[in-house]
Amino acid sequence: MASYVLYVRAKGVITRNSRIILRNYSSIEPYVYEQTLVGWPETKVFWEKEHGDSTGLALVNFSFGKQ
């Protein structure tokens with residue numbers, strides 16, 4: 001099982017909500033639309049909807065920004 005962070009896409013703008021971490025989450029089944037992320041801690045997000053406003057989950061990268 002893995003931990004995921006919540007992403008939101010609203011009006012074409014993507015935001016990351018690091019306050020919401022889904023730990024030991026076993027299935028991201030409704031989140032089937034994959035998008036590559038650039039400039040974010042995670043490298044890809046899985047969206048619930050292919051287009052338009054949607055919530056998404058990304059596998060947490062806990063090492064981002066650590067030296």
Side-chain angles (χ1 to χ4, degrees):
M1 289 194 235
S3 296
Y4 293 88
V5 64
L6 179 69
Y7 276 78
V8 175
R9 184 179 63 215
K11 298 181 182 177
V13 176
I14 297 173
T15 57
R16 179 182 188 267
N17 190 334
S18 61
R19 292 182 181 165
I20 299 177
I21 302 290
L22 302 168
R23 298 189 192 285
N24 301 323
Y25 204 67
S26 61
S27 173
I28 61 168
E29 187 174 327
Y31 301 90
V32 296
Y33 301 101
E34 182 178 334
Q35 178 183 359
T36 300
L37 295 173
V38 177
W40 294 91
E42 292 74 35
T43 58
K44 62 184 162 184
V45 62
F46 295 90
W47 298 107
E48 186 175 20
K49 297 178 185 174
E50 186 173 14
H51 304 287
D53 296 351
S54 185
T55 58
L57 297 178
L59 188 62
V60 175
N61 180 356
F62 288 111
S63 64
F64 183 80
K66 293 184 180 179
Q67 299 288 338

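By the side-chain contact (heavy atoms from CB on, under 4.5 Å) test, Q35 is found to be paired with R9, I14, V45, W47, residues two or more places apart in sequence or in another chain being considered. Qualifying salt bridge (Lys or Arg N to Asp or Glu O under 4.0 Å) partners for E34, counting only residues two or more places apart in sequence or in other chains: K44.
Considering every non-hydrogen atom in both A2 and L59, the closest pair reads CB-CD1, 3.3 Å. Contact between Y7 and R16 at its shortest, heavy atoms only, is OH-CD, 3.3 Å.
For the pair I21 and V5, the minimum side-chain heavy-atom distance is below 4.5 Å. Between Y31 and Y4 the shortest side-chain heavy-atom distance does not fall below 4.5 Å.
Side-chain atoms of D53 come within 3.5 Å of backbone N or O of K11 as a donor-acceptor pair.
A donor atom on one side chain and an acceptor atom on the other are found under 3.5 Å apart for E48 and T55.
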